[in-house]
2 protein chains.
Amino acid sequence: MRSAAEVAGLLRDGIVSGKYAPNERLIELDLARDLQTNRAVVRGALTQLEAQRLVIREPNRGVRVRSYTAEEAAEILETRALLEGLAARRAAERIDAAGEHALRAVVAAMRERQAAGDLLGYSEHNARFHRTIIEIAAHRTASSLLAALASQAVRYQFRTVLEPGRPARSLAEHEAILDALCAHDGAAAERAMRSHIGNVVATVRAIGERPHLTPDMA
Amino acid sequence: MRSAAEVAGLLRDGIVSGKYAPNERLIELDLARDLQTNRAVVRGALTQLEAQRLVIREPNRGVRVRSYTAEEAAEILETRALLEGLAARRAAERIDAAGEHALRAVVAAMRERQAAGDLLGYSEHNARFHRTIIEIAAHRTASSLLAALASQAVRYQFRTVLEPGRPARSLAEHEAILDALCAHDGAAAERAMRSHIGNVVATVRAIGERPHLTPDMA
DNA sequence: GTCGCCAAGATTGTTGCCAATTATGGCGCC
DNA sequence: GGCGCCATAATTGGCAACAATCTTGGCGAC
């Protein structure tokens, strides 16, 4: 039987990937059936996601997938910038040939997707780039906080990559991070990562300020 | 009936305050009795604490309170420095007369306890100082991450305040943070907070490097 | 005396059930 | 035709019992 922690992970993936839409109700019995587990485990997983603010629970009314205002999204990304900046610094200090190879491959894939105009594919590789850096950093505390952070859900809700001109700039920012990492320059890597996520924050704020589009139409 | 979230809070307090010692086994039935709830919500609370890495769960063997190596403690504090630095910056931008008054009172109490040689009392007010700043910052994301962080457990396990000379320096560092906050200087507040927690990290590392004392004797 | 096996007790993991609460849909009333 | 009330269904919240697993302590063999 799946543990509550595993089920929480599956649910998180489902929320992040859009399988469960913002504001969608999550019915314990249905989830238990879908994930082949029992209600008790689902309940435990849901309280975990509640603590991580990925879902909202209302007494006797169950949980719904949370949706974020632009201001909240900016807060989340602001925090993520700090934590990933730390990860980038550590990664620059620890990266080896294998890690460098892996990262270069991801960036090459990003460049290719961007050139092909496949924005969602680009977004996928983008996420993988960040995950790889966190892995290389091997900072368990930062890693577990980042995993708990709703930043992936925000990524799904605010598709910054669809903004005109954003993919090209994003690619350049990732290349700057890669360069700093390969040069083993921790301070530069941290700066590049913060600046990159800072630009994402700015884009999210810009999306949020467009008055007539509600965020979850993205 | 208490919710899982509430119970998780109570258990966290118990761990942080030393009511539950590092490596102590936490028996679901006992906790349910002590906290006047049932096993199901205790289980939910424990999975939450497991995700926050405050306890370790081994299958079919229950959960134990986690204990931290100096290296892990340093990682946790390193993360806390970033998040509280962010909170300090925001607090400097938002602080009003009431907040200033509250913070000054806390620091006065710290000064008084330190002069009286009451180190544990000092440590209490110290914790309150940090909590107050986080409150003033009103940054929900950072606040919930900090709440999840095991930094309070670390504080209990590594009693840096008992190190010779540490209380006086600590007091000076807190006064520097207070000054920056009252001057509404966000950058200075962030710098002061990071530097302060950086010194705590250094102290923890020093404690960890003393070979013959295991950390949990503190 | 020590080692290993076995039984009993303790604890966790799972399941099902019932009560309380909320959502849904039909029905009559205006 | 629309609105509100009521019965019913769906869902959550809480509980207890059962099964599986681990731990403990005793007993006998060597």
Side-chain angles (χ1 to χ4, degrees), chain A residues 1-15 18-67 144 150 153 214 216, chain B residues 1-15 18-67 144 148 150 153 216:
Chain A
M1 178 68 49
R2 294 188 147 93
S3 75
E6 286 173 286
V7 171
L10 291 174
L11 289 175
R12 194 192 346 266
D13 291 347
I15 292 171
K19 180 177 170 192
Y20 306 113
N23 286 316
E24 176 174 343
R25 267 189 81 185
L26 298 180
I27 312 290
E28 296 177 358
L29 216 52
D30 296 349
L31 297 177
R33 196 167 0 88
D34 293 352
L35 305 177
Q36 300 176 45
T37 181
N38 56 45
R39 254 186 75 203
V41 171
V42 171
R43 282 178 71 78
L46 288 176
T47 59
Q48 247 181 277
L49 297 183
E50 184 195 7
Q52 293 171 0
R53 304 167 59 84
L54 252 85
V55 300
I56 289 185
R57 166 172 262 147
E58 290 163 295
N60 288 312
R61 300 187 47 183
V63 312
R64 284 177 305 120
V65 178
R66 209 160 169 309
S67 78
S144 91
T214 60
D216 41 30
Chain B
M1 177 64 50
R2 294 187 148 92
S3 76
E6 286 173 289
V7 171
L10 291 173
L11 289 176
R12 193 190 349 263
D13 291 347
I15 292 172
K19 180 178 172 195
Y20 307 112
N23 287 317
E24 178 174 341
R25 267 189 81 186
L26 297 180
I27 311 290
E28 297 177 357
L29 213 54
D30 296 350
L31 297 177
R33 196 167 2 87
D34 293 353
L35 304 177
Q36 300 177 46
T37 180
N38 57 45
R39 258 186 72 204
V41 342
V42 170
R43 280 179 72 78
L46 288 177
T47 61
Q48 252 181 273
L49 297 184
E50 184 196 7
Q52 294 172 0
R53 303 167 59 83
L54 253 86
V55 301
I56 289 184
R57 165 172 264 148
E58 290 163 294
N60 287 310
R61 298 185 48 182
V63 312
R64 282 177 307 122
V65 178
R66 208 159 170 311
S67 78
S144 91
D216 40 31

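A, B, ... follow the sequence lines: proteins, then strands. Residue 1 opens every chain. Remember, predicted model here, so these are calculated numbers, not experimental data.
Here the C1' atom of nucleotide dT12(D) and the CG atom of L26(A) are 14 Å apart, to the nearest Å. Summarising the geometry, the separation between CD on E28(B) and P on dT14(C) is reported as 11 Å, rounded to the nearest angstrom. Taking atom CD of E58(A) as the reference point, atom P of dA23(C) lies 8 Å away to the nearest angstrom. Going from atom CZ of R64(A) over to atom P of dA23(C) covers 11 Å, rounded to whole Å. Computed from coordinates, the R43(B) CZ to dT12(C) C1' distance equals 6 Å when rounded to whole Å. In this structure, R57(B) places its CZ atom 15 Å from P of dT11(C), rounding to the nearest Å. What separates CD of E6(A) from P of dG13(C) is a distance of 13 Å, to the nearest Å.
Residues meeting the side chain to side chain contact (heavy atoms under 4.5 Å, CB included) test with R25(B), sequence neighbours left out: I27(B), R64(B). For the salt bridge (Lys or Arg N to Asp or Glu O under 4.0 Å) test, residues two or more places apart in sequence or in another chain that qualify with D30(A) are R33(A). When the side-chain hydrogen bond (donor to acceptor under 3.5 Å, both in side chains) test is applied to E24(B), no partner is found at least two apart in sequence or on another chain. A search for side chain to side chain contact (heavy atoms under 4.5 Å, CB included) contacts involving R39(A) returns E28(A), L29(A), R43(A), not counting sequence neighbours.
Between A153(A) and I15(A), the shortest heavy-atom contact is CB-CG2, 4.4 Å. N23(A) and S67(A) get closest at one heavy-atom pair: ND2-OG, 4.0 Å. For A32(A) against N38(A), the heavy-atom pair with the smallest separation is CB-C, 3.8 Å.
Side-chain contact check for R2(A) versus L10(A): some heavy-atom pair is nearer than 4.5 Å. Proximity of T37(A) to L31(A): side-chain heavy atoms (C-beta onward) are nowhere separated by under 4.5 Å.
Of the inter-residue distances, the one linking K19(A) atom NZ with D13(A) atom CG reads 10.0 Å to the nearest 0.5 angstrom.
Along DNA chain D, the nucleotide nearest A40(B) and the nucleotide nearest R25(B) are compared for position; the residue whose nucleotide lies closer to the 5' end is A40(B).
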Do any N or O atoms of the protein come closer than 3.5 Å to N or O atoms of nucleotides 5-10 of chain C, and which pairs are they?
none

Between the protein and nucleotides 16-22 of chain C, list every N/O to N/O distance that falls short of 3.5 Å.
from    : atom 1 : to     : atom 2 : distance (Å)
dT21(C) : O3'    : N60(A) : ND2    : 3.4

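Within a heavy-atom distance below 4.0 Å of DNA chain D, no residue of residues 30-38 of chain A is found.
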Side-chain donor/acceptor pairs under 3.5 Å, residues 45-59 of chain A, sequence neighbours excluded:
from   : atom 1 : to     : atom 2 : distance (Å)
T47(A) : OG1    : G44(A) : O      : 2.7
Q52(A) : OE1    : R12(A) : NH1    : 2.4

